[in-house]
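A quick note: this is a predicted structure, and the numbers were derived from the prediction, not measured. Convention: sequence-line order gives letters A, B, ...; per-chain numbering from 1.
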Amino acid sequence: MTELITSGVELMLVGMGIVYAFLVMLIAAIHVMGVLVSRFFPEPSIIDGLVVNNGIDQSSVAAISVAVHQYRTKHK
Amino acid sequence: MTELITSGVELMLVGMGIVYAFLVMLIAAIHVMGVLVSRFFPEPSIIDGLVVNNGIDQSSVAAISVAVHQYRTKHK
Amino acid sequence: MTELITSGVELMLVGMGIVYAFLVMLIAAIHVMGVLVSRFFPEPSIIDGLVVNNGIDQSSVAAISVAVHQYRTKHK
Amino acid sequence: MGNLNLLWQSTGIHNFQAGQVLMMLVGFLLLFLAIKKDFEPLLLLPIGFGAILSNIPVAGIAEEGGILSYLYLGIKTGVFPLLIFMGVGAMTDFGPMLANPKTLLLGAAAQFGIFATLLGALALNIIPGLEFTLKDAAAIAIIGGADGPTAIYVASRLAPDLLGAIAVAAYSYMALVPLIQPPIMRALTTPEERSIEMQQMRNVSKVEKIIFPLVLLVLTTLLLPSAAPLVGMFCFGNLMNASGVVERLSKTAANELINIVTIFLGLAVGSKLSADAFLKLETLGILALGAIAFCIGTATGVIMAKIMNRFSSTPINPLIGAAGVSAVPMAARVANKLGLEANPHNFLLMHAMGPNVAGVIGSAVAAGVLLSLVH
Amino acid sequence: MGNLNLLWQSTGIHNFQAGQVLMMLVGFLLLFLAIKKDFEPLLLLPIGFGAILSNIPVAGIAEEGGILSYLYLGIKTGVFPLLIFMGVGAMTDFGPMLANPKTLLLGAAAQFGIFATLLGALALNIIPGLEFTLKDAAAIAIIGGADGPTAIYVASRLAPDLLGAIAVAAYSYMALVPLIQPPIMRALTTPEERSIEMQQMRNVSKVEKIIFPLVLLVLTTLLLPSAAPLVGMFCFGNLMNASGVVERLSKTAANELINIVTIFLGLAVGSKLSADAFLKLETLGILALGAIAFCIGTATGVIMAKIMNRFSSTPINPLIGAAGVSAVPMAARVANKLGLEANPHNFLLMHAMGPNVAGVIGSAVAAGVLLSLVH
Amino acid sequence: MGNLNLLWQSTGIHNFQAGQVLMMLVGFLLLFLAIKKDFEPLLLLPIGFGAILSNIPVAGIAEEGGILSYLYLGIKTGVFPLLIFMGVGAMTDFGPMLANPKTLLLGAAAQFGIFATLLGALALNIIPGLEFTLKDAAAIAIIGGADGPTAIYVASRLAPDLLGAIAVAAYSYMALVPLIQPPIMRALTTPEERSIEMQQMRNVSKVEKIIFPLVLLVLTTLLLPSAAPLVGMFCFGNLMNASGVVERLSKTAANELINIVTIFLGLAVGSKLSADAFLKLETLGILALGAIAFCIGTATGVIMAKIMNRFSSTPINPLIGAAGVSAVPMAARVANKLGLEANPHNFLLMHAMGPNVAGVIGSAVAAGVLLSLVH
Ligand code: NA
Ligand code: NA
Ligand code: NA
C-alpha cells in the first residue's frame with residue numbers, strides 16, 4: 001500500500017515534470033518556428049484579401065451563385 | 001540470368017500482344033454495341049432536353065440558385 | 001414429414017399469437033404513453049411555431065421552399 | 001509458346017462451366033430489372049453485379065481471399081443488415097402510426113403471410129427432390145415480411161445456403177408490389193369500401209416520438225429478446241433522428257453509412273448466387289413461396305381492416321390494410337393510388353404509412369419468434 | 001404447448017437479472033441526460049443505448065457473436081479513438097494558441113488534475129473493498145484530461161474492465177463543465193482579475209499552422225514516443241486541414257468518418273456497461289475521483305494564470321486558465337461567459353481557445369507518460 | 001529516479017536508429033512535395049505522414065497491434081485498392097472513348113512502358129547487389145501503367161516488400177507528368193502535327209454508356225479473368241454512375257467512401273516505408289525504372305498515333321497519344337496545353353480523355369497478364 005502510494009507520488013512528480021518540460025519546449029519551438037517562418041515566408045499584405053469582396057455588386061453575386069450552383073451540380 | 005531475360009522478353013511479347021488483342025476486340029465490341037444500340041434504342045431527339053428550362057425566366061433562376069446555395073452552405 | 005407439418009402448424013399458431021399479442025400490448029403501451037405525455041409534457045401551442053416565420057413574406061418562403069424542394073429531390 | 005498456352009488455360013472461355021454462365025445471365029437479368037424496370041435498384045443492382053463477379057471463372061472473387069469473401073463477413077456476423085436497419089430507423093417517422101395505433105393490428109395481420117408460407121414450404125416437401133428443413137422453411141417464410149434487412153438477417157442465421165435466393169426473392173417481390181397487390185385488393189373490397197375517407201390524424205408531439213422507440217425496445221426486451229438485435233438497432237436509429245440532439249449522427253446513419261453498407265451488402269449477397277446454391281429446384285420453390293407470401297399478407301391485411309370496421313366507429317379504409325406487409329413506402333403508395341381511383345378526394349398515403357411501419361415492427365417480431373423457436 | 005413454454009423461457013421477464021435491470025436504468029438515465037439535458041449527446045446517446053442493448057437478457061448483443069462484440073474490436077485495437085482524434089485534429093484551429101504560446105503553460109498546469117487524481121485513486125484503496133492497481137489508477141486519472149478519445153484510448157490499454165465507467169464519467173463531467181467550473185473560478189479570482197481585458201491577438205500565418213503539427217509530432221517523437229499514436233493521428237488530421245491541399249479528405253475525416261466512428265464507439269463503450277463491471281464500489285470511486293479531477297484541473301489552471309501574471313508584463317485573465325482542462329469548446333465558453341459577467345466588454349473566447357487546445361496536447365502528453373511508465 | 005531513467009530509455013532520442021531518421025526525412029520530403037509542390041497530395045500527404053508515423057521509435061505504430069498494422073490489412077486483402085478503383089469507376093465518363101473507339105489503340109500502345117520496364121528491371125540484375133525476381137520486376141513494371149490503385153494492387157500481390165517504393169514512385173511520377181511528358185512529346189512531333197485539329201465528337205447515348213461497362217466486363221471474363229477483380233470493381237462503379245438509378249450509392253462511392261479508403265490506404269502504404277524496405281539499392285532502381293516507364297509509355301503512345309495517321313483518313317493529333325499512359329486527367333491536360341501552344345484554336349482535352357481512360361483499361365489488362373503469368 002505505502003509502496004503503491006510512493007510510486008504514485010513519484011509518478012505525479014515525474015509526470016507533471018514531463019508535461020511542463022514538454023510544453024515549455026513546445027513554446028520554445030513555436031517561437032523558433034515563428035522567427036524562421038517570418039524570415040523565410042514573409043506574410044503577404046492582408047489588403048490583398050480585403051479587396052476580394054469589394055468591387056462586386058449584388059447582381060454579380062447572384063450570377064456567380066448561379067454559376068457555382070451549376071458547377072457543383074455537374075461536378076458533384 | 002539469361003533465362004530470366006528470356007522469360008522477360010517472352011512476357012513482353014505475349015503481354016503486349018494480349019493488351020493489343022484485348023483492346024482491338026474491345027473496339028470491335030464497341031462498334032457492334034453502337035450498331036445494336038442505335039437499332040434497338042434509337043436516341044430521342046435532343047430538342048426534348050432543351051425545352052425543360054424554358055418556362056422559367058432568368059431572374060427566378062438566380063433567386064432559386066441563391067436560395068439553394070444558402071441552403072447548401074448551411075446544411076453541408 | 002407429418003411431424004414437420006405438425007411443428008409448422010404449431011409454429012404458425014404460436015407465431016401469429018405472439019405477433020398479435022405483442023402488437024396489442026404495443027397499442028396499449030402507446031395509449032398509456034399518450035396519456036402520460038399529455039399530462040407531463042403538455043404540448044406548447046402550435047401558434048409558437050407559426051410566429052417563427054413571420055418576418056419573411058409568404059412569396060419568398062414559397063420560392064425558397066420550391067428551390068429547396070427541387071434541390072432535395074435532385075440530390076437525394 | 002508456353003506462356004500463350006498458359007494464358008489460354010487461364011481464359012474464361014477455357015474454364016467456363018455451364019452453371020457459371022447461367023448464373024451470370026441471372027446477374028444480367030437482375031441488372032436489367034434494376035436499371036430498365038427500376039426494380040429496387042439500390043439492392044438489385046449490387047446483387048446482380050455481385051452475382052456476375054462471383055461467377056467469373058478462375059478469378060475467385062467470391063472465394064476465400066477474394067474481395068467478396070471479405071465483404072460477406074459483414075453478413076455472416078449480422079453486422080450489415082443490422083446497420084441498414086439502424087439507417088432505416090433513422091429514416092422512419094412513427095408519427096402516422098402513433099396518431100392511429102389501431103393500425104398496428106393491420107401490421108400484425110399481414111404477417112400471416114410469413115407463417116402461412118412457412119407451412120407451405122414444409123408442405124412442398126412432398127415434391128420429390130425438395131427437402132426444406134424447419135430452418136429452411138422459416139428463412140423462406142420471412143420473405144413474406146417484405147422487409148429486406150430482416151429477411152437477410154434471418155436467412156444468414158438460419159439458412160445461409162438459401163441466402164442468395166431469399167434476398168433476390170424478397171427484393172424482387174418488393175419491387176413488384178405495385179403489380180402484385182392491386183388485383184388482390186380490388187378482389188377483396190367493394191368500390192364503396194375503397195371510397196371510405198378517413199378522419200384527419202391528430203398531431204403527434206415530439207416527446208411521443210422520442211419515447212416511442214424506447215417503449216418498443218422495452219416491450220421487446222420483456223417479451224421477445226430474440227428480436228432485440230433487429231428491433232434495437234432500428235429503435236436506436238429512430239431515437240437518434242427523433243431526439244434531434246445528434247443530427248450529424250442520424251444524418252450520417254441515414255445517408256453515407258447506409259449507402260456504404262448497402263453497396264457492400266448487395267455485392268456480398270450476390271456472392272451467394274453461385275450455380276451450386278441457386279440452380280436448384282429449391283430456388284423455384286422459394287420464388288413461388290415468396291409470391292404466395294406477399295399475396296397472403298396483402299389479403300389478410302385487407303381482411304383485418306374489414307373486420308375492424310365491423311367493431312369500430314371510426315371507419316378504416318380497408319385498402320390501407322394491404323400496406324401492413326411493410327414494403328415501405330411502395331405498399332402505402334399503392335393503397336393511396338387505389339383510394340384515389342375510387343374517390344378523387346381520398347388521400348390515403350399518410351393513413352397507410354401507419355400500417356406500413358407497423359408491418360416493419362410486425363415482421364421483426366415474427367423474425368424474433370422464428371429465431372427463438374427454430375433451432 | 002411445448003413451443004409456448006419454450007417461448008416463455010426465452011422471454012426477458014423470465015430471464016432478467018437484477019443487475020441487468022439496474023444497468024438498463026443507467027442506460028435510460030444516460031439517454032435522459034443526453035436528450036433532455038443536452039449532456040454531450042453525441043457520445044452519451046450511443047453509450048446509453050449501447051448500455052441498454054448489452055443488458056437485454058438472452059439476446060447476447062454484447063456477447064461473442066453479437067454486433068456490439070464486433071464493434072468493440074474497434075476499441076480493443078485502439079483504432080476508433082485514434083480515428084476520432086484524427087477527426088478532432090481536422091476540426092482544430094491552433095491559431096489562437098500559436099498567437100499566444102504562453103497559454104500552453106495553462107494547458108500544462110491543468111493536467112495536475114490527472115496526477116492528483118492518480119494519487120487519490122491509490123489513496124482510496126484504504127477503503128475496504130476497493131483495490132485499484134496502478135494501472136487502474138492511471139486509467140481513472142486520465143478522466144482529468146477532460147478529453148474523451150484520450151480517456152478511452154488509455155483505459156482500453158490499461159484497464160479495459162473500467163472502460164465503461166471511465167468513459168461515462170469523462171463525458172458526463174465534460175457536459176457538466178458549465179456547472180462544475182464557475183464556482184471554482186469565482187472562488188479563486190477577484191472581480192478585478194476577472195475583468196482583465198487581454199490584448200488583441202496577432203495574426204497567425206497559414207505557413208505556421210501547417211508547420212506546427214509537424215513540430216509537435218517531432219517533439220513527441222524525440223521526447224515521448226509513447227504519446228505518438230494519439231498525438232500523431234491528431235497532427236495528421238490537423239495537417240490535412242491546415243495544408244488545404246486535401247480538402248476532400250479533411251472534410252470527410254471531420255464529418256462522415258468521425259460520425260460513423262462515433263456511432264460505433266459509443267455503442268461499443270456502452271457494451272462495457274454490464275452489471276458485473278459497473279455495479280461495483282469502484283464505479284462510485286471513479287465517479288467521485290473524476291469530479292475531483294475536473295475541480296483540481298480547473299483550479300490549477302486558474303492559479304497558474306495568476307502566477308504568470310506576477311512575472312509577465314502582458315496581462316492574462318486568470319479565467320482562461322480554467323480552459324486548460326480542454327473539454328473543447330465548453331471550457332472556453334465558460335471562461336468567456338464569466339469574463340462578460342465581470343466586464344461587458346471583455347470577450348475572452350478566442351483567448352481561451354489557446355489554453356483549451358493546449359489542454360488537448362497536455363492530456364495527450366500526460367497519457368503518453370502514463371502509458372510508458374505504468375505496466 | 002527509476003522513473004526518470006525509465007522515461008529516458010523510452011525517449012525517441014535514446015532509441016532512434018539512423019534508418020528511421022532518414023525515413024522520417026523521406027516522409028517530410030513527401031509532405032513537402034504534396035503540400036508545397038501540389039504533387040498528388042491526396043495520396044502523397046497520407047503516405048508521407050504514414051512514413052513518419054511508422055518510423056517513430058518505440059511507439060510501434062506500424063508494428064503488430066499498432067493502428068497502421070490494422071489499416072494495412074485493407075491492402076493485404078486487396079480490398080482498399082479495389083474500393084478505390086470502384087470509386088474511380090464511378091467518376092469516369094467513358095463518353096469520349098466511346099465516341100472515338102480507335103483511341104483505345106493509343107491506350108494499348110502506351111502500355112509498352114510497362115513491359116519495357118519489366119525487361120529493364122531484369123536487365124538491372126547485372127548490377128551487383130540488385131536481385132529482382134520476375135515477380136519483383138512485374139510489380140515494378142506496373143508503375144508504367146500510371147495508375148495508382150492498379151500499381152498498389154499488383155504490388156500487394158506480387159511483391160509486398162517493394163510496395164512502399166512502388167507506390168511512392170507511381171504517384172510521384174503521375175504528379176510529374178506535366179514535367180516528364182512535354183519534352184518527349186515535342187521531340188517526337190512536328191509543329192504541324194501538333195496543330196492538327198480533330199473532328200468534333202459524336203454524341204454518345206446513355207444506353208451505350210450503360211452497356212459499355214458490361215461489355216468490358218464480359219470481354220475480361222472471357223479472355224483474361226485474372227484482371228476481373230480490378231476491371232470488375234471499376235465497371236461496377238461505372239455502371240452505378242452511368243445507369244443513374246442508384247445515384248445515392250454512386251455518389252457515396254465517388255466521395256465519402258473513396259475519401260475514407262484513400263486516407264486509410266495512404267497511411268497504410270506509408271507504413272511500408274520502413275528503413276529496411278526502402279533504404280536499399282533496389283529503391284533507386286525502382287525510381288529510375290519508373291521514370292523510364294513513363295517516358296517509354298509516352299513515346300509509344302505518340303508514335304502509335306503517328307502510325308495510325310498513316311492508315312486513317314480522319315486525322316489524329318499525335319499529342320493525344322501521350323495521354324494513353326492514363327495518369328487521369330493530368331496527361332490529357334498536358335496534351336491539351338501543348339495543342340493550344342501550337343494552335344490557339346486546338347482544344348484537345350476531350351479528345352485526349354479517350355486515350356486517357358483507355359490507358360486505365362490498358363493497364364488493368366496488363367496487370368491481369370502479369371498476375372496470371374508471373375508466379
Ligand atoms: Na413486414
Ligand atoms: Na486535457
Ligand atoms: Na495506364
Side-chain angles (χ1 to χ4, degrees), chain A residues 1-56 61 64-76, chain E residues 94 97-112 114-123 125-126 132-134 137-138 141 202-212 214-216 218-220 222-224 227 300 358 361-366 368-370 372-374:
Chain A
M1 178 69 198
T2 349
E3 199 185 330
L4 209 57
I5 293 284
T6 316
S7 33
V9 172
E10 200 180 325
L11 200 54
M12 184 173 85
L13 295 176
V14 170
M16 276 312 284
I18 300 291
V19 169
Y20 263 105
F22 190 95
L23 293 190
V24 167
M25 293 184 71
L26 194 55
I27 293 174
I30 291 173
H31 280 299
V32 171
M33 178 182 87
V35 171
L36 293 178
V37 164
S38 64
R39 179 172 308 168
F40 295 108
F41 303 90
E43 185 79 325
S45 164
I46 203 163
I47 294 172
D48 300 353
L50 290 178
V51 177
V52 168
N53 273 340
N54 245 359
I56 312 173
V61 169
I64 289 170
S65 178
V66 170
V68 166
H69 176 61
Q70 288 174 344
Y71 172 81
R72 296 183 102 165
T73 312
K74 278 187 203 149
H75 295 255
K76 257 278 161 97
Chain E
F94 278 122
M97 197 192 79
L98 294 176
N100 194 1
K102 274 188 307 186
T103 56
L104 275 163
L105 292 178
L106 303 174
Q111 308 315 316
F112 188 67
I114 293 179
F115 294 101
T117 306
L118 191 152
L119 215 55
L122 295 175
N125 280 343
I126 57 165
F132 290 127
T133 65
L134 197 57
R202 79 171 177 92
N203 199 32
V204 174
S205 73
K206 200 190 157 192
V207 177
E208 279 171 279
K209 290 191 188 175
I210 293 176
I211 295 178
F212 175 71
L214 297 172
V215 168
L216 175 55
V218 167
L219 211 62
T220 308
L222 293 178
L223 299 183
L224 198 62
T300 49
I361 299 175
S363 48
V365 169
V369 172
L370 296 175
S372 79
L373 293 186
V374 178

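- Atom-to-atom distance recorded for E:K209:NZ and E:L98:CG is 8.0 Å, nearest 0.5 angstrom.
- For the options E:A141, E:A366, E:A109, E:A138, heavy-atom pairs under 4.5 Å to chain A are most numerous at E:A109.
- Of the atoms belonging to E:L216, heavy atoms from both backbone and side chain fall under 4.5 Å from chain A.
- There is no contact between E:V218 and chain A, counting heavy-atom distances below 4.5 Å.
- No other option in A:I18, A:V9, A:L23 has as many heavy-atom pairs under 4.5 Å with chain E as A:L23.
- Contacts between E:A137 and chain A at a heavy-atom distance below 4.5 Å are absent for every atom of the residue.
- Using a 4.5 Å cut-off between heavy atoms, A:M33 touches chain E through its side chain atoms alone.
- For chain A, the option among E:L104, E:V365, E:V369, E:T220 with the highest count of heavy-atom pairs below 4.5 Å is E:L104.
- Contact annotation for E:L118: only side-chain heavy atoms (C-beta onward) come within less than 4.5 Å of a heavy atom of chain A.
- The nearest pair of heavy atoms linking E:M97 to E:F212 is CE-CZ, 3.4 Å.
- Every side-chain contact (heavy atoms from CB on, under 4.5 Å) that A:V24 has, sequence neighbours left out, goes to E:L105.
- Pairing each heavy atom of E:F132 with each of E:L122, the nearest pair is O-CD2, 4.2 Å.
- If you take CD on E:Q111 and OG1 on E:T300, they are separated by 8.0 Å, rounding to the nearest 0.5 Å.
- A donor-acceptor contact closer than 3.5 angstrom links the side chains of E:S205 and E:E208.
- Listed by chain and number, the residues in a side-chain contact (heavy atoms from CB on, under 4.5 Å) with E:A99 are E:M201, E:R202, E:V204 (sequence neighbours excluded).
- Heavy-atom pairs under 4.5 Å with chain A were tallied for E:L119, E:V374, E:L224; the largest tally goes to E:L119.
- With a threshold of 4.5 angstrom between heavy atoms, A:I30 approaches chain E through side-chain atoms but not through N, CA, C or O.
- The structure places CG of E:L370 at 5.0 Å from CZ of E:F115, a figure rounded to the nearest 0.5 Å.
- For a residue to count as touching a neighbouring chain, one of its non-hydrogen atoms must lie under 4.5 Å from one of that chain's; by this rule E:I211 touches chain A with backbone and side chain alike.
- Under the 4.5 Å side-chain criterion, counting only non-hydrogen atoms from C-beta, A:F22 is not in contact with A:I27.
- Within the 4.5 angstrom heavy-atom criterion, no atom of E:A121 approaches chain A.
- Annotation: maximal heavy-atom pairing with chain A below 4.5 Å, among E:V215, E:T103, E:T133, E:L219, occurs at E:L219.
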